[in-house]
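One structure below.
These numbers come from the heavy atoms of this one structure, side chains and all, not from hydrogens, waters or symmetry mates.
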2 protein chains.
Amino acid sequence: MKRTSFEGDQCPIARSLDVIGDWWSLLIIRDALLGRRRFGEFQKSLGLAKNILTVRLRALVDQGILKTAPASDGSAYQEYVLTLKGRGIFPILVALRQWSEEFDARPEEIGTIMVDRDKGKPVRKLALYSQDGRLLTAADTALKPRPPGKHVRSMAG
Amino acid sequence: MKRTSFEGDQCPIARSLDVIGDWWSLLIIRDALLGRRRFGEFQKSLGLAKNILTVRLRALVDQGILKTAPASDGSAYQEYVLTLKGRGIFPILVALRQWSEEFDARPEEIGTIMVDRDKGKPVRKLALYSQDGRLLTAADTALKPRPPGKHVRSMAG
DNA sequence: TTGTGTAGTTGCATTATAAAACCAGATGCC
DNA sequence: GGCATCTGGTTTTATAATGCAACTACACAA
């Protein structure tokens with residue numbers, strides 16, 4: 001039947017997956033971070049059916065991850081650019097990339113490595129730290145009930 | 001038709017998504033990191049259909065993310081525990097969590113925060129650094145062709 | 001041995017995804 | 001202007017994935 005939605009779930013992981021947890025959305029965002037903006041660019045790069053790209057782009061715009069803008073080349077077409085919320089997905093993509101780099105069964109098939117643009121050297125591994133700077137594994141963390149009214153939202157841009 | 005597979009793709013993000021990019025896998029792994037091990041525990045916690053849980057668990061075992069073990073309570077049943085590869089997914093979950101914490105439209109619905117077990121204080125945000133310690137945004141990074149034969153695999157445990 | 005819990009499997013309805021055909025408006029070219 | 005082509009979709013039709021419910025097999029407990 002209907003695919004279950006995690007929209008009302010109180011787990012933030014489930015809530016994220018509800019928005020970007022499908023097959024194509026993260027790859028569209030990856031492409032957007034690489035500078036792609038036009039419908040045709042995404043379609044050619046990803047090789048997905050156009051009807052599905054249409055639906056995905058519309059959903060990402062609805063979610064405030066992409067926004068439409070007039071084409072930068074002066075033509076009458078539009079393009080899709082990332083919002084602040086969309087650019088915030090970058091760490092998720094880095095984490096996915098690094099997991100593959102570390103554990104993929106056939107790492108020799110991976111075509112690229114991520115480097116810092118300045119020096120051209122590989123980036124560090126993402127790591128989780130406590131506020132006082134200790135490196136944390138999953139076992140060193142716990143979940144606490146959220147303290148009420150602690151969060152301040154910024155406007156998407 | 002058939003859902004497209006990214007198995008042969010050379011992008012490591014696509015390769016990761018091919019393995020854990022579906023609706024339930026990451027939530028199963030989240031639960032496993034929280035200590036759940038038994039079929040029934042997953043099923044009750046996630047509320048997914050049992051046939052689907054069966055398929056997912058089997059796929060995760062095939063991928064080397066979970067492994068089966070005799071039940072720790074002495075009964076004749078088995079349980080599912082994370083491998084090293086499976087525990088390596090932790091940063092991806094943290095990234096998903098933090099994205100929701102930062103950008104969710106209704107953050108007041110998020111029930112928990114992640115703290116370090118020692119001090120009980122919220123963990124730091126994941127951040128990407130260059131090898132010489134500079135904080136990197138997406139725009140500060142680039143992709144380079146992979147240098148040949150650089151990778152050493154460790155055994156999954 | 002009767003009942004209950006665990007861990008699935010099977011069957012069927014519904015939905016999402018995919019490929020391909022189609023189409024309207026914008027653009028480029030002569 | 002006239003015509004072919006490009007862009008950005010929509011429509012149609014098919015197949016695969018998902019979900020629910022009912023069923024089964026085995027373990028365990030009384």
* Asked: For D:dT7, does either OP1 or OP2 sit under 4.0 Å from a side-chain N or O belonging to A:Q43?
  -> no
* Selected nucleotide, minimal atom distance to B:T4 side chain, candidates C:dA18, D:dG19, D:dT18 -> C:dA18
* Asked: Closest to the A:Y77 side chain: D:dT10, C:dG25, C:dA7?
  -> C:dG25
* Go through C:dT10, C:dA19, C:dA21 for me and flag the one nearest to the A:K50 side chain. => C:dA21
* Find the distance A:K44:NZ to D:dG9:C1' and express it as a whole number of Å. => 17 Å
* Structure fact -> A:E79 CD to C:dA26 P, in whole Å, measures 17 Å
* State yes or no: do A:L126 and A:M114 share one hydrophobic cluster built from I, L, V, M, F, W and Y residues joined by side-chain heavy-atom distances below 4.5 Å, directly or via other members? => yes
* In whole Å, what is the span from the CG atom of A:D18 to the P atom of C:dA16? -> 13 Å
* To do: Counting heavy atoms from C-beta on, name the nucleotide in C:dA18, D:dG8, C:dA26 closest to the side chain of A:A76.
  => C:dA26
* **A:K125 NZ: over 12 foreign heavy atoms closer than 6.0 Å** => yes
* **Minimum-distance nucleotide to A:I52 side chain [options: C:dT17, D:dG19, D:dG8]** => C:dT17
* What is the distance from CG of B:L48 to P of D:dC20, rounded to the nearest Å? -> 9 Å
* Would you say a side-chain N or O of A:W24 is under 4.0 Å from OP1 or OP2 of C:dT17? -> no
* Between C:dG8, D:dG19, C:dT27, spot the one nearest the side chain of B:F39, thanks. => C:dG8
* Does a salt bridge link A:R15 with B:E109, judged by any charged N lying under 4.0 Å from a carboxylate O? -> yes
* A:A95 to B:A95 - nearest heavy-atom pair and separation -> CB-CB, 4.4 Å
* To do: Determine whether any donor atom in the side chain of A:Y80 lies under 3.5 Å from an acceptor atom in the base of D:dG8, or the reverse, and answer yes or no.
  => no
* B:G40 vs B:N51, nearer the 5' end of DNA chain C by closest nucleotide -> B:G40
* Asked: So, B:R37 and B:E41, do they make that salt bridge, N to O below 4.0 Å?
  -> no
* B:W23 has an atom CH2; how far is it from atom P of D:dG19, in whole Å? -> 9 Å
* Reckon A:R58 has a side-chain N or O less than 4.0 Å from the OP1 or OP2 of D:dT10? -> yes
* Between C:dT15 and B:R3, is there an OP1 or OP2 to side-chain N/O distance shorter than 4.0 Å? -> no
* Protein-nucleotide distance (A:Q78, atom CD; C:dA26, atom P), rounded to Å -> 13 Å
* Measure the distance from CG on A:D73 to C1' on C:dG28 and round it to the nearest whole Å. => 13 Å
* Structure fact -> A:L53 atom CG is separated from C:dA16 atom P, nearest whole Å, by 18 Å
* **Under-4.0 Å side-chain N/O to phosphate OP1/OP2 contact, A:R38 with D:dT7** => no
* Asked: Checking ring-ring contact (aromatic ring centres under 6.0 Å, His included) for the pair B:F90/A:W99: CA distance, chi angles, key distance, verdict?
  -> CA-CA 9 Å; B:F90 180 61; A:W99 183 71; over 10 Å; no
* To do: Please figure out whether B:T54 or A:S75 has its closest DNA chain C nucleotide nearer the 5' end.
  => B:T54
